[in-house]
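Written out below as structure tokens is the structure these notes cover.
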Amino acid sequence: MSADLSWRDSALCAQTDPEAYYPEVGGSAVPAKRTCMACPVTTECREYAVATGQRWGIWGGLTQRELRQLINQRTAA
Ligand code: SF4
């Protein structure tokens with residue numbers, strides 16, 4: 001798969017604590033999601049996560065559960 005990953009250059013999370021994007025079980029996703037809401041590449045990040053089947057962490061403002069729901073919705077459509 002050849003993908004344009006230039007969106008990563010604008011990733012807001014690169015300027016923050018990366019640990020926040022991989023909260024432990026029971027940990028809060030709120031700080032990461034808050035950053036994602038202000039990120040200029042939320043859509044690109046989310047689509048990358050869907051296309052590559054990311055299984056850990058928060059991508060495009062979505063937790064793993066939300067990401068799986070999105071993938072399931074698209075699969076069902
Ligand atoms: S949407 Fe969130 S996880 Fe994705 S690049 Fe932006 S800040 Fe990082």
Side-chain angles (χ1 to χ4, degrees):
M1 177 178 133
S2 176
D4 177 9
L5 300 178
S6 60
W7 57 269
R8 288 183 170 184
D9 295 341
S10 301
L12 210 52
C13 54
Q15 303 168 30
T16 62
D17 177 12
E19 297 281 320
Y21 295 83
Y22 298 92
E24 296 189 13
V25 175
S28 177
V30 171
K33 293 183 79 155
R34 197 172 285 149
T35 302
C36 291
M37 284 173 30
C39 180
V41 291
T42 303
T43 301
E44 292 87 342
C45 175
R46 186 176 300 167
E47 292 306 317
Y48 174 80
V50 170
T52 58
Q54 295 297 317
R55 298 177 60 88
W56 304 102
I58 294 167
W59 294 81
L62 301 181
T63 62
Q64 279 298 306
R65 176 183 292 195
E66 293 165 337
L67 194 57
R68 280 195 301 275
Q69 287 175 344
L70 175 62
I71 292 170
N72 289 341
Q73 285 170 3
R74 289 187 180 180
T75 302

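Order of listing sets the numbers, starting from 1, for every ligand and every atom in it. Here the structure is a predicted model, which means the values were calculated and not measured.
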Test salt bridge (charged side-chain N to carboxylate O under 4.0 Å, His left out) applied to R74 - qualifying residues, sequence neighbours left out: E47

Whether the side chain of Q64 engages the backbone of G57 through a donor-acceptor N/O pair (distance < 3.5 Å, no angle test) should be reported. yes

Shortest non-hydrogen contact between P23 and S28, atoms and distance: CB-O, 3.7 Å

The criterion is side chain to side chain donor-acceptor pair (under 3.5 Å); which residues satisfy it with T63, sequence neighbours excluded? E66

Within-2.8 Å protein N/O/S contacts of atom 4 (Fe) of ligand 1: C45 SG

Distance col, row C13:SG vs Y21:OH, nearest 0.5 angstrom, shows 5.0 Å

Which pairs pass side chain to side chain donor-acceptor pair (under 3.5 Å) with one or both residues in residues 34-43, sequence neighbours excluded? none

